[in-house]
2 protein chains.
Amino acid sequence: MTTLTDVAARAGVSASTVSYVISGKRPISQGTRARVMRAVAELGYHPNAGARALASHQSNLIAMMVPLRSDMYMPVMMEIAMAVAAVARQGGRDVLLMTGDEGSAGVRRVAASGLADAVILMDVELDDQRIPVLRETAIPSVLIGRPQAPGELTCVDLDFGATGAACVDHLADLGHRRIALIGADAGVYHRGTGFAARTLDGFGRRARQRGLEARHFPCDGTFEGTARLVEQILEGRAAVTGLVVQNENALGPLLHLLRQYGRAVPEDVSVVAICPEQLALQSMPQLTAVAVPVRELGRRAVGLAAAQLAGLPTEGLSLIPPRLVVRGSTGRPTVATPSPRRAAPLVEA
Amino acid sequence: MTTLTDVAARAGVSASTVSYVISGKRPISQGTRARVMRAVAELGYHPNAGARALASHQSNLIAMMVPLRSDMYMPVMMEIAMAVAAVARQGGRDVLLMTGDEGSAGVRRVAASGLADAVILMDVELDDQRIPVLRETAIPSVLIGRPQAPGELTCVDLDFGATGAACVDHLADLGHRRIALIGADAGVYHRGTGFAARTLDGFGRRARQRGLEARHFPCDGTFEGTARLVEQILEGRAAVTGLVVQNENALGPLLHLLRQYGRAVPEDVSVVAICPEQLALQSMPQLTAVAVPVRELGRRAVGLAAAQLAGLPTEGLSLIPPRLVVRGSTGRPTVATPSPRRAAPLVEA
DNA sequence: TTGAAAGCGCTAACAT
DNA sequence: ATGTTAGCGCTTTCAA
């Protein structure tokens, strides 16, 4: 095993000089640097991580807690995790993967042991038990999601309020007058992570502003549950022509059911999804959707953690604006909606 | 920050005694142990990870390399990763998440720096560049998947040969005489990770043994590509009645196309999938399938890594036998197959 | 611009 | 059953 001392000996300098060449924390002459670098390369030297951590009080590790089971879709978690890992490496850091079931004890453990320099928490709940530990230990941290009382904590999230509004705008622009939001399970709105409530809020607000008739249906995501909704939504003369869907599990059944009921998408019903991009792409037709910006979330989380480690203030909420991508599942309503008081503004799709 | 010395002082013992109480590496009297444990609890002591690693030459970290983009389905990766993390924790170890794009340099880095004690490689390719580094550094390692020349390396994998055979058996038992395998992209069979070839081999062998007429169709997973296949498969008088599908992307289009062609599943065509369990469950009908045993793969990988760290020999291949779960997508062929020489054995589904 | 040396907090001989 | 002590390999003052 090669150590600093080996490299120093080979380069004919002191150990501290080698250390400084590697860290770049003090000016080194051209010649010395060259000889040291050469020795490093020749010996295939890699600084010992433990020794480094001990001496510098920095592990260069960022802990990331991922929920074992979650309301969130697994691939989304994975993509965020991978983005975090990739971006962290670019900053010379590694990522520790922790399962959410370690809970607050896990956060305390990595903080107190100095295993990690910072913590990224995914799928944060409204009243998350890990948050007090974040404050106690004062470890640099970033939350992906929004707790009830963020306080001075740093959070990153998709702007779900704006997302709901953007979906409404898109449908309204196309000329839809009667729309509905098929949302998360009813339980989520109560205990949930808050994203559902914020989407609903943005959806309702904007619908009112634009004078649309809007309804909201929580959905458990099962086939049967979705089937019940679809009947409600399609029946009657005042049938809905535009659907916003924020429920990955319901999407498959929904599209199937619409087909079964003889409603073509987008001719009879337009569908806007709020879902992982992959899902939007693999559906038939491909879905007009606002995707969870996984890479951007990961990137920002690491960036903010790094900023805190550098002593910069990062408090507050970093909201990512939604990007609605128009695909094949939305279009103008072809059946004239009954008694439209005035025509809605029509825009090219 | 609390250190060993603090705890020792509080408990009125020497630092080494505290260390031994914690590690359990030598007998300690009841009284001493109790006082030490109490001090630990009162002070909220957590051993410093860096110091520990430096002194013990063990980081208690297992590095896991996950491909950034892969032939494998993302959720599968995620579930394996989470299983690895959870099981590793039970053994007192943490998991380092690395992206596959770090390649062999990444393996060398964590091995040489002592950052990780062992490495778990996912989605190993037939001729993987990281494998030589595994040998050079002699770091304990487990491969999930099978390289061309495993040699003395430890590998874990689903037994894809047996999987192909099991699917054939199931269809044959139901009375199907003409079956087909819809497989991975043609490219995968050439450069691929080998799982595709082994499945095909098991499929073909068993079909021959049982006297079935079997065909094989590589598939690119696109809608168009799948559509072309479906036509070939369904046309003619000698149409296939049983399908084995080892292609996550093709499953959705396939089911859709069968419906479109007026073929009911399982009445007209039986479908056996080799896919993540979630996919089998969320399809309509739910699919008879062999699932990738994600948790078991993770569990075994960590177990084998731990065994190596304990100095036990683990060389060779650990194959997980397939478990075919019968669901709604398979049944007896209702249309008598033309001129069956002798009846195939019929078994209750 | 470089070197010498004192730790960082823990483990593991070596003692007793 | 417990204490003493010498490092582990690096960073970082302090000196020159």
Side-chain angles (χ1 to χ4, degrees), chain A residues 1-37 39-40 43-61 92 94 109-117 309, chain B residues 1-37 39-40 43-61 92 94 109-117 309:
Chain A
M1 187 213 198
T2 329
T3 72
L4 242 204
T5 315
D6 299 335
V7 177
R10 175 139 196 160
V13 298
S14 73
S16 64
T17 295
V18 176
S19 175
Y20 282 118
V21 166
I22 290 173
S23 70
K25 288 190 181 172
R26 83 178 178 191
I28 301 284
S29 71
Q30 278 297 312
T32 309
R33 153 170 294 116
R35 275 178 305 135
V36 169
M37 301 279 268
V40 166
L43 296 175
Y45 170 70
H46 288 264
N48 180 278
R52 228 175 191 185
L54 178 56
S56 67
H57 303 281
Q58 282 237 345
S59 67
N60 286 317
L61 256 44
D94 275 287
R109 181 174 68 84
V110 296
S113 67
L115 219 201
D117 299 333
L309 287 169
Chain B
M1 187 214 199
T2 328
T3 73
L4 242 205
T5 315
D6 300 333
V7 177
R10 175 138 196 161
V13 297
S14 74
S16 65
T17 296
V18 176
S19 175
Y20 283 118
V21 165
I22 290 173
S23 70
K25 287 190 181 172
R26 82 177 178 192
I28 301 284
S29 72
Q30 279 297 312
T32 310
R33 154 170 294 115
R35 274 179 304 135
V36 169
M37 303 278 268
V40 165
L43 296 175
Y45 171 69
H46 288 263
N48 180 278
R52 229 175 191 185
L54 178 56
S56 68
H57 302 282
Q58 282 238 346
S59 67
N60 286 317
L61 256 44
D94 275 286
R109 181 173 67 84
V110 296
S113 67
L115 218 202
D117 299 332
L309 287 169

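Side chains are part of it too, since the values below use all heavy atoms of this structure and drop only hydrogens, waters and symmetry mates. Per chain, numbering begins at 1; letters A, B, ... match sequence-line order.
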For A/N60, does its backbone N or O pair with a side-chain atom of A/D117 as donor and acceptor, under 3.5 Å? yes
Between the side chain of A/S113 and the main-chain N/O of B/A49, is any donor-acceptor distance below 3.5 Å? no
[X] [atom1] to [N] [atom2]: how many Å, rounded?
| X | N | atom1 | atom2 | value |
| --- | --- | --- | --- | --- |
| B/L4 | D/dT5 | CG | P | 17 Å |
| B/N48 | D/dC8 | CG | C1' | 13 Å |
| B/Y20 | C/dA12 | OH | P | 7 Å |
| B/D6 | C/dG9 | CG | P | 9 Å |

Side-chain contact test, heavy atoms from C-beta onward, threshold under 4.5 Å: evaluate it for [X] versus [Y] and give yes or no.
| X | Y | answer |
| --- | --- | --- |
| A/T3 | A/N48 | no |
| A/L61 | B/L61 | yes |
| B/R10 | B/T2 | no |
| A/I28 | A/Y20 | yes |

Could you identify which residues of residues 21-32 of chain B place a heavy atom less than 4.0 Å from some atom of DNA chain D, listed by residue number, or say none?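 Nucleic-acid contacts, sorted: B/R26, B/P27, B/I28, B/S29, B/T32.
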Which of residues 50-58 of chain B sit near DNA chain D, with a heavy atom under 4.0 Å from it?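 By residue number: B/L54, B/A55, B/H57.
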Assign A/S19 to base, sugar-phosphate, or nothing according to its heavy-atom contacts below 4.0 angstrom with the strands shown.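 If one applies the 4.0 Å heavy-atom cut-off, A/S19 turns out to touch a base.
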Phosphate contact (D/dG3 OP1 or OP2) by B/T17 side-chain N/O below 4.0 Å: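 For D/dG3, OP1/OP2 do have a side-chain N/O of B/T17 under 4.0 Å.
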Helical bend (five base pairs per end, nearest 10°) for the helix from C/dT1-D/dA16 to C/dT16-D/dA1: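 What I find for the helix from C/dT1-D/dA16 to C/dT16-D/dA1 is an axis angle of 30°.
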So how far is it from A/T17 OG1 to A/R26 CZ, rounded to the nearest 0.5 Å? 6.0 Å
At less than 3.5 Å, do the side-chain atoms of B/S16 and the base atoms of D/dT4 form a donor-acceptor pair? yes
For A/A15 and for B/V13, find the nucleotide of DNA chain D with the closest heavy atom, then tell me which residue's nucleotide is more 5'. B/V13
For [X] and [Y], which heavy atoms make the closest approach, and how far apart are they?
| X | Y | answer |
| --- | --- | --- |
| B/S59 | B/G114 | CB-O, 3.5 Å |
| A/M37 | A/V21 | SD-CG1, 4.1 Å |
| B/L4 | B/A15 | CD1-O, 3.6 Å |
| A/R35 | A/G12 | NH1-O, 4.2 Å |

